[in-house]
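The structure under discussion appears below in the form of structure tokens.
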Amino acid sequence: MNSLTLNRVIDTAFKYVGFLCTLSALGILAIFIINIASEGLSRIDWQFITSLPSRKAEKAGILTAWTGTAWILGLTATISIPLGISAGIYLEEYGKKNRLASIIGVNIANLAGVPSIIYGLLGLEIFGRLFNLGGSLLAGSFTLALLILPIIIVATREALKAVPKTLREASFGLGATKWQTTWHQVLPAGAGGILTGIILALSRVVGETAPLIVIGALAYVPFVPSSPMDEFTVMPMQIFNWISRPQHEFLVNGAAAIIILLLITFIMNGIAIYLRNKWQKKINW
Amino acid sequence: MKIIEAIDVNAYYGDNHALTNINIEIKENTVTALIGPSGCGKSTFLRMLNRMNDYIEGFRNEGTLLIEGKDIYKKKVKLEDLRQHVGMVFQKPNPFPKSIYENVAYGLRIRGVKNEKEVEERVEKSLKKAVLWGEVKDSLDKSAYSLSGGQQQRLCIARTLAVKPSIILMDEPASALDPLSTAKIEELIAELREQYTIVIVTHNMHQASRVSDRTAFFYLGNLIEYGKTSDIFTNPKIKQTENYISGRFG
């Protein structure tokens, strides 16, 4: 067999191996989704969404869980977005590009990879105990804000880095200050990338459980939180609580809640993709 | 009257000595062409005139650079005022990703011009001066990117004119354009010289001889020869200038 035929064989072989790999990955995902859907889909109704948790599976609902998740999402976004974008702008546009800056940059990128439970321990110590916030929504949001801050900073930096230098030069050349240039030209041009990063970070918040367990979020909360100082539960914790029970009815509840959680993250990712495409179309260099 | 004066100007990028003891005087309402092979320092010198090199890591300079008698590298100089005074047109057309109208209005808005009627008048006047008004007056709301390359470059010139500079720096403004658009830019330069002092960097020898009153030849960071364009091109005093202009290197 000469090398040309051999290469062709390798080529064809890889095509099928690659196809099989893709298929098995998708297959596992499909089995998972079908399994969950067959268990839980029939359980989802208005009552399920609007009911408090209960010892009786058929009466129990996810009202406290999704309102808790909504609170956490809102508070975390309010804390982390301004901080993250500002830090990203500073590092990319204002800060000097020296050794210290590159050390900081590498460390921020590394922070994005730290296991989330470590953030939970940090949050417990600082927000829970030192600031005396206990197991409140505020303590949880601060902790999750810390967790996604590196992601937002990195996304902002990457988005701003992609804005052509000629755009900044054009603005400076007309006598604009650095802030005017950043605000009127660079930020709008990078907004698509920044928004995408933010939404992906927030969809991580929706699914995050470990740090919230550490700071003391409760698995059973019989009321809807009404202020940032209230105790709370979130969707993944409610799911974990139900699934760890022996009765099959609670398992069904868990499956139904998983479907809703998946729906939330799919929608958020969808919005991220939509925004990215929209911005790309609006600005073509 | 001289409007730009460089006295023993040196420039460095890190360890690279980019300009060596440049002395030059540029008169008001003239077109001065800076020519020379790539890396000769002509663009560095041009970008020093509105301190655009400030953003390059490791750039530093020595000597005195006077514009209308004022040292522009003094600490108290406000960059915003300097650049309003010394406008710049870049090598590649770089309009903002906004409408044609907003591109021209931007320089006014950042300087706090609130009166929309005044903005409108200045936009129209600037577009007329840049000989673009006729082509865009019905599509001012359209994206600047819908224009052709040559139109975009004239839009960039209009944008610069709108903030009323007295000096316009042009960094190879036609190098990315087709011959017809280039001709239009050159016509425009000829018209603008009545009111503005223009300094233009160009690779194109013919362009330099067509548009400029005076020409400065840079080589390896030195100003080799500076004089009337007609003299430089027909009767250069220095051998290097002659070799470059006749195309023996470049």
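Numbered from 1 within each chain, the chains take letters A, B, ... in sequence-line order.
- The shortest non-hydrogen separation linking B:Phe96 to A:Ala170 is CE2-CB, 3.7 Å.
- Considering all non-hydrogen atoms of both residues, B:Thr160 and A:Leu174 come closest at CA-CD2, 3.9 Å.
- Distance check: B:Tyr55 OH to A:Arg168 CZ gives 11.0 Å after rounding to the nearest 0.5 Å.
- For a residue to count as touching a neighbouring chain, one of its non-hydrogen atoms must lie under 4.5 Å from one of that chain's; by this rule B:Phe90 touches chain A with the side chain only.
- Atom CD of A:Gln185 and atom CG of B:Asn94 lie 10.0 Å apart (nearest 0.5 Å).
- Contact count versus chain A (heavy atoms, under 4.5 Å) is highest, among B:Gln84, B:Arg51, B:Glu57, B:Met88, for B:Glu57.
- The shortest side-chain heavy-atom distance between B:Pro97 and A:Leu167 falls under the 4.5 Å cut-off.
- Considering only heavy-atom pairs separated by less than 4.5 Å from chain B, the leading option among A:Lys97, A:Lys165, A:Lys96 is A:Lys97.
- In this structure, CG on B:Leu79 lies 9.5 Å from CZ on A:Phe172, to the nearest 0.5 angstrom.
- Heavy atoms from other residues, nucleotides or ligands lying under 6.0 Å from CZ of A:Phe14 number 12 at most.
- Within a 6.0 Å sphere centred on NZ of B:Lys129, heavy atoms belonging to other residues, nucleotides or ligands number more than 12.
- Heavy atoms closer than 4.5 Å to chain A are found in both the backbone and the side chain of B:Arg159.
- By the neighbour-count criterion of 12 heavy atoms within 6.0 Å, atom NZ of B:Lys92 is sparsely surrounded, having that number or fewer from other residues, nucleotides or ligands.
- For B:Lys98, the part lying near chain A is the side chain, with the backbone staying farther off; criterion is any non-hydrogen pair under 4.5 Å.
- Other residues, nucleotides and ligands place no more than 12 heavy atoms under 6.0 Å from the CD1 atom of A:Ile117.
- The minimum heavy-atom distance linking A:Gln180 with B:Ile110 is given by the pair NE2-O, 2.8 Å.
- Salt bridge status for A:Glu169 with B:Arg47: present, with a side-chain N to carboxylate O gap under 4.0 Å.
- Counting non-hydrogen atoms of other residues, nucleotides and ligands closer than 6.0 Å to CH2 of A:Trp71 gives a total above 12.
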